[in-house]
Participant: 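For reference, the structure I am asking about is given below.
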Amino acid sequence: MSRPIVVFDLDGTLIDTAPDLLTSLNHCLGIAGLERAEPAELRSFVGMGGRVMIERAFLAQQRALPQTQLDELLATFLDHYGGNIPGESQPYPGALAALDRFQQAGYLAAICTNKYEGLSTSLIGALGLAPRFAAICGQDTFAFRKPDPRHLTETIALAGGDPARAVMIGDSRTDIDTAKAAGIPVVAVDFGYTDRHVREFEPSRIISHFDELTVDVVEELLGAMAR
Ligand SMILES: O=C(O)COP(=O)(O)O
Ligand SMILES: [Mg+2]
């Protein structure tokens, strides 16, 4: 019988990657002659991967960005960011204890992120967390990505999880929309990267610390979904 599964978003949910994303983004903006982005701005740039992050940063400064320049800056970003992994990035407080709790309760864990798969596995590996995840699926793992619900359902399938006993944990509208479209309950963290409060997107539950993500809470959400 397949096991229940908790599927985590990565940036802004499981790992606080903002300082390193910002350093590498600002490296690129500097090359392009733009102003540095501020930490608060980054919250609205992240969520759809590196390419969109650079596009949004240019848009915020009302600067045109031809496709070839975007391609070059993305390559620069990936080099810079990838070369700095893990940098200052750390799991959020209580995240590892939450993973332990679910593992002890027989759950699988996986990651479904719009970060590139290579950067994601490299970061998770550098932090020593790889053995904890049955699958790590990035924006380029499949031919579709969040908010396409198949990114989540295929992550669950690859991990060998039970789609009827799966929950998503995320920090953005993208995660919430993805899970809802897949018919999977979604717990939103309110400490991640979004410029609008997650409550606006009506997740199944909101938590402010991973201590609140208990097995009981998740089983309650799974039970409510099954009714
Ligand atoms: O890096 C991004 O833009 C998005 O990453 P996430 O899906 O893990 O939040
Ligand atoms: Mg995120």
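As a basis for the values below, the full set of heavy atoms in this structure was taken, side chains included, without hydrogen atoms, waters or symmetry mates. Ligands are counted one by one from 1 in listed order, and the atoms in each one are counted from 1 as well.
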Participant: Counting only nitrogen or oxygen atoms and a 3.5 angstrom limit, does Gly47 reach ligand 1?
Facilitator: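 Among all N and O atoms of Gly47, at least one is under 3.5 Å from an N or O of ligand 1.
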Participant: Please determine if Asp175 has a nitrogen or oxygen closer than 3.5 Å to a nitrogen or oxygen of ligand 1.
Facilitator: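 In this structure, Asp175 places no N or O atom under 3.5 Å from an N or O of ligand 1.
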Participant: Keeping Arg199 on the side-chain end and Ile206 on the backbone end, is there a donor-acceptor pair under 3.5 Å?
Facilitator: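 No, the answer is negative, given that no donor and acceptor are paired below the 3.5 Å cut-off.
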Participant: Measure the distance from atom 9 (O) of ligand 1 to every protein heavy atom, then report the residue, atom name and distance (to 0.1 Å) of the closest one.
Facilitator: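 The closest heavy atom on the protein side is Asp9 OD1, 2.8 Å.
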Participant: Between Asp175 (side chain) and Asp171 (backbone), is there a donor-acceptor pair under 3.5 Å?
Facilitator: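 Yes; judged by distance alone, with no hydrogens or angles, the pair exists.
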Participant: Rounded to 10°, how many degrees is the angle OD2/Asp9-the Mg ion (ligand 2)-OD1/Asp171?
Facilitator: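 Rounding to the nearest 10 degrees gives 80°.
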Participant: Could you tell me whether ligand 1 has any atom less than 4.0 Å away from a heavy atom of Lys115?
Facilitator: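 A heavy atom of Lys115 does come that close to ligand 1.
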Participant: Can a side-chain donor-acceptor contact be found between Tyr107 and Asp162 if the only test is distance below 3.5 angstrom?
Facilitator: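 Short answer, no.
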Participant: I'd like to know whether ligand 1 has Lys146 as a neighbour, heavy-atom separation below 4.0 Å.
Facilitator: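 Lys146: in contact with ligand 1 (<4.0 Å).
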Participant: Please check if the distance between the ring centroids of Phe191 and Tyr92 is under 6.0 Å.
Facilitator: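 Yes, ring centres under 6.0 Å apart.
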Participant: Judged on heavy-atom distance to atom 1 (O) of ligand 1, which of Asp11, Ile15, Asp171, Val52 sits nearest?
Facilitator: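 Ranked by closest heavy atom to atom 1 (O) of ligand 1, first place is Asp11.
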Participant: Decide whether Asp9 and Thr113 meet the rule of one side-chain donor and one side-chain acceptor closer than 3.5 Å.
Facilitator: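 Side chains of Asp9 and Thr113: no pair found under 3.5 Å.
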Participant: Please walk me through it: do Ile176 and Arg173 pass side-chain contact (heavy atoms from CB on, under 4.5 Å)?
Facilitator: CA-CA 5 Å; Ile176 296 166; Arg173 176 182 198 158; 5.7 Å; no
Participant: Counting only nitrogen or oxygen atoms and a 3.5 angstrom limit, does Leu10 reach ligand 1?
Facilitator: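 Yes, there is a polar N/O contact under 3.5 Å.
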Participant: Going by an N to O cut-off under 4.0 Å, is there a salt bridge joining Asp11 and Lys115?
Facilitator: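 Looking at Asp11 and Lys115, the cut-off is met.
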Participant: Looking only at distance, does Gly50 have an N or O less than 3.5 Å from an N or O of ligand 1?
Facilitator: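 No.
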Participant: Looking only at distance, does Leu21 have an N or O less than 3.5 Å from an N or O of ligand 1?
Facilitator: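 No, there is no polar N/O contact under 3.5 Å.
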